[in-house]
There are 2 protein chains.
Amino acid sequence: MSRPRGRPARGQGVTLEAILDAALALLDDGGEGALSMRALAARLGVTPMSLYHHVADRAALLAALAERIYGGVLAGDREDAPPQEALRALLLRYHEAVGRHPALTLSIFGEPAAFAGAAARITARLETLVSHLTPQVGLWRDILVDHAHGSGLALAAAHKDAAQGAALQARYAEALDLLLGQLSAAGP
Amino acid sequence: MSRPRGRPARGQGVTLEAILDAALALLDDGGEGALSMRALAARLGVTPMSLYHHVADRAALLAALAERIYGGVLAGDREDAPPQEALRALLLRYHEAVGRHPALTLSIFGEPAAFAGAAARITARLETLVSHLTPQVGLWRDILVDHAHGSGLALAAAHKDAAQGAALQARYAEALDLLLGQLSAAGP
DNA sequence: ACCTGAACACCGTTCAAGT
DNA sequence: ACCTGAACACCGTTCAAGT
């Protein structure tokens, strides 16, 4: 019944891709507590230990997931768009990523190192955009980032209720427009 | 070496007070992962199971901690202060509570039910205050709450670094003043 | 009422052994 | 290079037994 002990035939093993897919699936429909190395291995039909040939440990797994999800946020960036448009689009994409995988967001906040890479890149881009719109760069950068995180948290807490989730997404867009309006009113 | 099996002499047992104190201590200097029922029991010199005579389970323990810490946020409230002052003071107290026990905040966000009671009372009070200052009540309530949570999260992530923590607290106050200024400029 | 000890079904991770 | 099985040091929680 059990797999043979040695290295399996070519194509039988797990790939990092498959591990990340399965981990995200566990997180998405079981919540934060559903992602354990053992449950993940079971879902992949493999022993827990074989995962450690692809990721260093659980923290590294979360880091890889963060990179996959939040790394894409900067991808849709258009260099030529006016700063306010670009800023708005960036924050909406970020917030949407948070909303699509709320349990990942919660896990990541508990493991800040996992998120450091993507967060730094997103923040850097955001800071550049803000600097085109107001001299109070640090202040507005913090406001926009903190507000996005707080709203993302509310989204994560409401993740069982899809209707409420959609309402929160809409509310975020509304709040963001208000903030951006005031940011540009503060003017350069 | 081990305690006798039956009920101990009067005053030998654990109290809920002592459990909450110890739990907070574990959280504060060990972070989110340091609070386990077993570690908590060990710190109190008791078997894990005796804790279950005082709290239903781990979630209930977190709820009791949330009530202790966040319940106090409304205590300093002065009914007669002008709404903007009261709003500012409320948010600073809330943010400070978050900052004083960052690991609790992180744990609570992962267990939203634990926080429901205190959060609802704080939000209700905040909403009343906001309604005195602007017609856009829901929008500004969300902005202020989400911003406070997001900033609290940053505080939690930086909790090893006390100097950075202080800087973040100061930044929050600055951002809050800016937001409140714009809130009142939007006017009733 | 409140404690104990043993037990159950879990964790993450290391190590040695296999191919 | 990549997998397995056994092991270690943990979890939360239930249950029966003690006083």
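Letters go in sequence order (proteins before strands), and every chain restarts at 1.
Straight-line distance from the CG atom of A:Leu61 to the P atom of C:dC11: 14 Å, rounded to whole Å. Per the geometry, CG belonging to B:Leu26 stands 15 Å off C1' belonging to D:dC11, to the nearest Å. The distance from atom CG of A:Leu62 to atom P of C:dT13 is 10 Å, rounded to the nearest whole Å. Atom P of nucleotide D:dC11 and atom CG of B:Asp57 are separated by 17 Å, given to the nearest angstrom. The distance from atom CG of A:Leu40 to atom C1' of D:dC3 is 16 Å, rounded to the nearest whole Å. Straight-line distance from the CD atom of B:Glu111 to the C1' atom of D:dG12: 12 Å, rounded to whole Å. Atom CD1 in A:Ile19 sits roughly 11 Å away from atom C1' in D:dC2 (whole-Å rounding). To the nearest angstrom, P of D:dA1 lies 17 Å from CG of A:Leu16.
Under the Watson-Crick and G-U wobble criteria, each requiring two contacts below 3.5 Å, nucleotide D:dG12 is paired to C:dC8. Nucleotide D:dC2 forms a pair with C:dG18, judged by Watson-Crick or G-U wobble geometry with both contacts under 3.5 Å.
Side-chain contact between B:Leu104 and B:Asp28 is absent, with no heavy-atom pair separated by less than 4.5 Å.
Across all strands shown, B:Arg58 has heavy atoms under 4.0 Å from sugar-phosphate atoms exclusively, and none from any base.
By the 4.0 Å N-to-carboxylate-O rule, B:Arg88 lies close enough to B:Asp177 to be salt-bridged with it.
Each of A:Leu51 and A:Arg38 has a nearest nucleotide on DNA chain D; the 5'-most of these lies closest to A:Leu51. Each of A:Met49 and A:Ala39 was assigned the nucleotide of DNA chain C with the nearest heavy atom; the assignment lying further toward the 5' end belongs to A:Ala39. Both B:His53 and B:Ala59 sit near DNA chain D, but only B:Ala59 has its closest nucleotide nearer the 5' end.
Residue A:Ser50 has no polar side-chain atom (N or O) positioned under 4.0 Å from OP1 or OP2 of D:dC2. Residue B:His54 places none of its side-chain N or O atoms closer than 4.0 Å to OP1 or OP2 of C:dA1. Between C:dT4 and B:Thr47, a contact under 4.0 Å exists linking OP1 or OP2 to a side-chain N or O.
Taking the side chain of A:Val46 as heavy atoms from C-beta on, and the options C:dT14, D:dT4, D:dT14, the nearest nucleotide is D:dT4.
Without hydrogens or angle criteria, B:Arg93 side chain to B:Val73 main chain gives a donor-acceptor distance under 3.5 Å. Using a distance-only test at 3.5 Å, with no hydrogens or angles considered, no donor-acceptor pair links the side chain of B:His54 to the main chain of B:Ile19.
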Test B:Arg43 against B:Asp21 for salt bridge (Lys or Arg N to Asp or Glu O under 4.0 Å), laying out the working first.
-> CA-CA 11 Å; B:Arg43 175 181 254 261; B:Asp21 286 342; over 6 Å; no

